[in-house]
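Below is one structure, written out as structure tokens; comments come after it.
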Amino acid sequence: MNLKSKNILVTGIASNRSISFSIAKILNEAGANVLVSYQNERLKDRVIKLTNDIGIDNDPYQCDLTNDNEILKMKDDIVEKFNNLDGIVHSAAFAPREQLNGKYLDNITKDGFLVAHSVSAYTFTSLAKIFRDNLNPKASLITLSYIGANKVVQNYNVMGIAKASLESSVKYLADSLGDKLIRVNAISAGPIKTLAASGISGFNKILEIYENKSPIKANISSEDVAKTAYFLLSDYSTAITGQTLYVDNGFNIMGY
Ligand code: NAD
């Protein structure tokens, strides 16, 4: 199914390894009008080059998702130029590096807890709230989660708790927006070596464990996630909402 005539906002591109970069690429190839946002000035030139390289001609938006005024400004500009959205990809997360190491209770601080939740969970709700009147019927909102939301993953710590909040938000948002036929889902991805992942202590060990333990004895790629994102943003998934779909080569089903 092509995505022609769909306006889709993709947040969270920081490098060519970003999961959202692969998503933007596949959506653009499928004919969607892809609008991209990045966090701050530091990323501007890189994101312009990356999007140009894959044939996206729309100028990317600079938008810190913790700043509602920046989201509002981006929304006004998008609506003026392109009209309402058919999809939003939320692909942003952050926790202070020192909290992604050791035992949760040894390193957690109130500030770290609040920052992790503000960036990694609330920003999805914030996007939904600010764009709610500018979403077309059958629009689809997706976010990215990780198994650390539901199971203890060493060093993932406060980020796991923020992802649990994010996954619960998916359900409440799905209920809030369902009467407009708008769907909200999360993809729980297996580990992928990106900038965000490099902040988690022992990440290489996690990759090794997935490769050995998952039914499909391999790690996943950003392209694997992008293909599922494509499905969730398309009209092939119109009866799916409030879900967290695992894209992890089956790792989550395994016990010992
Ligand atoms: P990434 O570092 O490429 O992307 C993270 C993005 O979050 C960056 O673009 C960064 O600029 C953005 N961001 C952080 N704070 C922001 C803010 N205040 N405003 C706007 N943007 C902000 O890494 P990634 O792995 O592609 O991460 C994307 C998403 O996927 C994250 O939610 C991450 O938790 C999730 N995820 C990653 C993995 C993995 O192993 N890489 C696995 C499961 C889920």
Side-chain angles (χ1 to χ4, degrees), residues 9-25 36-44 46-47 50-51 60-71 73-74 88-97 100 114-127 130 142-151 153 155-167 169-170 186-211 219-226 228-229 244-249 251-252:
L9 171 65
V10 178
T11 66
I13 297 183
S15 79
N16 60 351
R17 291 183 170 213
S18 294
I19 294 172
S20 54
F21 179 65
S22 294
I23 297 176
K25 185 165 180 284
V36 158
S37 81
Y38 58 91
Q39 181 185 359
N40 56 30
E41 182 73 28
R42 199 171 50 80
L43 297 172
K44 183 176 179 182
R46 194 191 302 166
V47 173
L50 283 172
T51 49
Y61 290 93
Q62 187 169 312
C63 181
D64 182 328
L65 297 174
T66 59
N67 184 328
D68 283 1
N69 288 332
E70 291 189 21
I71 303 181
K73 192 164 160 264
M74 170 169 75
I88 298 180
V89 177
H90 172 265
S91 187
F94 175 78
R97 185 178 273 262
L100 303 176
L114 294 178
V115 166
H117 283 72
S118 168
V119 180
S120 316
Y122 184 69
T123 52
F124 188 44
T125 291
S126 201
L127 280 166
I130 291 170
I142 64 167
T143 186
L144 273 301
S145 191
Y146 184 58
I147 197 172
N150 304 301
K151 299 268 165 66
V153 172
N155 301 318
Y156 201 60
N157 299 348
V158 70
M159 190 57 91
I161 301 168
K163 290 296 192 193
S165 165
L166 180 69
E167 289 187 15
S169 313
V170 163
I187 294 173
S188 183
I192 302 168
K193 225 170 182 169
T194 61
L195 289 175
S198 68
I200 302 161
S201 293
F203 192 75
N204 286 339
K205 179 81 191 156
I206 298 182
L207 289 172
E208 207 181 296
I209 292 170
Y210 267 74
E211 193 171 348
N219 276 292
I220 66 148
S221 67
S222 289
E223 288 72 32
D224 292 322
V225 180
T228 302
T244 296
L245 258 65
Y246 281 88
V247 177
D248 67 347
N249 282 342
F251 178 84
N252 73 92

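Counting starts at 1 for both ligands and their atoms, following the listed order.
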*Okay, side chain of Ser126, backbone of Tyr122: is any donor-acceptor separation there less than 3.5 Å?*
no
*What about Gln39: any of its N or O atoms under 3.5 Å from an N or O on ligand 1?*
yes
*Considering only the protein, which heavy-atom contact is closest to atom 18 (N) of ligand 1, and what is its distance?*
Asp64 OD1, 2.9 Å
*Is the backbone N or O of Phe94 less than 3.5 Å from a side-chain atom of Ser120, with the two atoms forming a donor-acceptor pair by type?*
yes
*asked:* Could you work out, for atom 12 (C) of ligand 1, the closest of Ala92, Ser222, Ala95 by heavy-atom distance?
replied: Ala92
*Interfacing atoms of ligand 1 (cut-off 4.0 Å, heavy-atom, Ser91)*: 5 (C), 6 (C), 7 (O), 28 (C), 29 (C)
*Exercise: do Lys193 and Asn204 side chains pair donor with acceptor under 3.5 Å*: yes
*Please indicate whether any nitrogen or oxygen in Ser145 is less than 3.5 Å from any nitrogen or oxygen in ligand 1.*
no
*Give the residue and atom name of whichever protein heavy atom lies nearest to atom 32 (O) of ligand 1, and the separation in Å to one decimal.*
Lys163 NZ, 2.9 Å
*Do Leu65 and ligand 1 have an N or O pair less than 3.5 Å apart?*
yes
*Under 4.5 Å between any side-chain heavy atoms of Asn150 and Glu167, yes or no?*
yes
*asked:* Is the contact between Lys193 and ligand 1 made by the side chain, the backbone, both, or neither, using heavy atoms and a 4.0 Å cut-off?
replied: neither
*OG1/Thr194 to CG/Asn16 distance, rounded to the nearest 0.5 angstrom?*
11.0 Å
*Numbering the atoms of ligand 1 from 1, which are under 4.0 Å from a heavy atom of Ser18?*
1 (P), 3 (O), 26 (O)
*Is there side-chain contact between Pro191 and Lys205, with heavy atoms separated by less than 4.5 Å?*
no
_For ligand 1, the portion of Ile19 having any non-hydrogen atom under 4.0 Å away_ = both
*Side chain proximity check, Ile220 to Ile192, heavy atoms < 4.5 angstrom*: yes
*Taking the side chain as every heavy atom from C-beta outward, state whether Ile187 and Leu144 have any pair of such atoms under 4.5 Å apart.*
yes
*Hey, is Leu195 touching ligand 1 through its side chain, its backbone, both or neither, going by heavy atoms under 4.0 Å?*
both
*Gly190 to ligand 1, any heavy atom closer than 4.0 Å*: yes
*In ligand 1, which numbered atoms sit nearer than 4.0 Å to a non-hydrogen atom of Gly12?*
4 (O), 6 (C), 8 (C), 9 (O)
*What residue and heavy atom of the protein are closest to atom 27 (O) of ligand 1, and at what distance?*
Ala196 CB, 4.1 Å
*Measure the shortest side-chain to side-chain distance between Ile206 and Tyr146 over non-hydrogen atoms and say whether it is less than 4.5 angstrom.*
yes
*Within the distance-only criterion (no hydrogens, no angle test), does the side chain of Thr11 pair as donor or acceptor with the backbone N or O of Val89 below 3.5 angstrom?*
yes
*Consider every N or O of Val119 and every N or O of ligand 1, then say whether any pair is closer than 3.5 Å.*
no
*Determine yes or no for a side-chain-to-main-chain donor-acceptor pair under 3.5 angstrom, with Ser221 supplying the side chain and Asp224 the backbone.*
yes
*Between Phe21 and Ser222, is any pair of side-chain heavy atoms under 4.5 Å apart?*
no
_Between ligand 1 and Ser15, can you find any atom pair, the residue atom being a heavy atom, that is separated by under 4.0 Å?_
no
*Against heavy atoms of Phe203, which atoms of ligand 1 measure under 4.0 Å?*
40 (O)
*asked:* Among all protein heavy atoms in this structure, tell me which lies nearest to atom 31 (C) of ligand 1, with the distance rounded to 0.1 Å.
replied: Ala93 CB, 3.7 Å
*Angle class for the Phe251/Tyr210 ring planes (parallel below 30°, perpendicular above 60°, tilted otherwise)?*
parallel
*Give the residue, atom name and distance (to 0.1 Å) of the protein heavy atom nearest atom 40 (O) of ligand 1.*
Ile192 N, 2.8 Å
*Is Thr123 close to Thr66 at the side-chain level, that is, under 4.5 Å between some pair of heavy atoms?*
yes
*asked:* Among all protein heavy atoms in this structure, tell me which lies nearest to atom 35 (C) of ligand 1, with the distance rounded to 0.1 Å.
replied: Leu144 CB, 3.7 Å
*For ligand 1, is Ser120 a contact, meaning one of its heavy atoms is under 4.0 Å away?*
no
_Quick check on contacts: which atoms of ligand 1 are under 4.0 angstrom from a heavy atom of Ala14?_
8 (C), 9 (O)
*Using a strict 4.0 Å cut-off to heavy atoms of Leu43, name the atoms of ligand 1 that fall inside it.*
11 (O)
*Any side-chain heavy atom of Asn219 sitting closer than 4.5 Å to one from Asn249?*
no
*Would you mind listing which atoms of ligand 1 come within a distance below 4.0 Å of any non-hydrogen atom of Thr66?*
18 (N)
_Identity and separation of the nearest protein heavy atom to atom 24 (P) of ligand 1_ = Thr194 OG1, 3.4 Å
*Looking at Thr228 and Leu245, what are the two nearest heavy atoms and their distance?*
CG2-CD2, 4.0 Å
*Enumerate the atoms of ligand 1 whose separation from the nearest heavy atom of Tyr146 is less than 4.0 angstrom.*
42 (C), 43 (C)
*Could you tell me whether Arg17 and ligand 1 have an N or O pair separated by under 3.5 Å?*
no
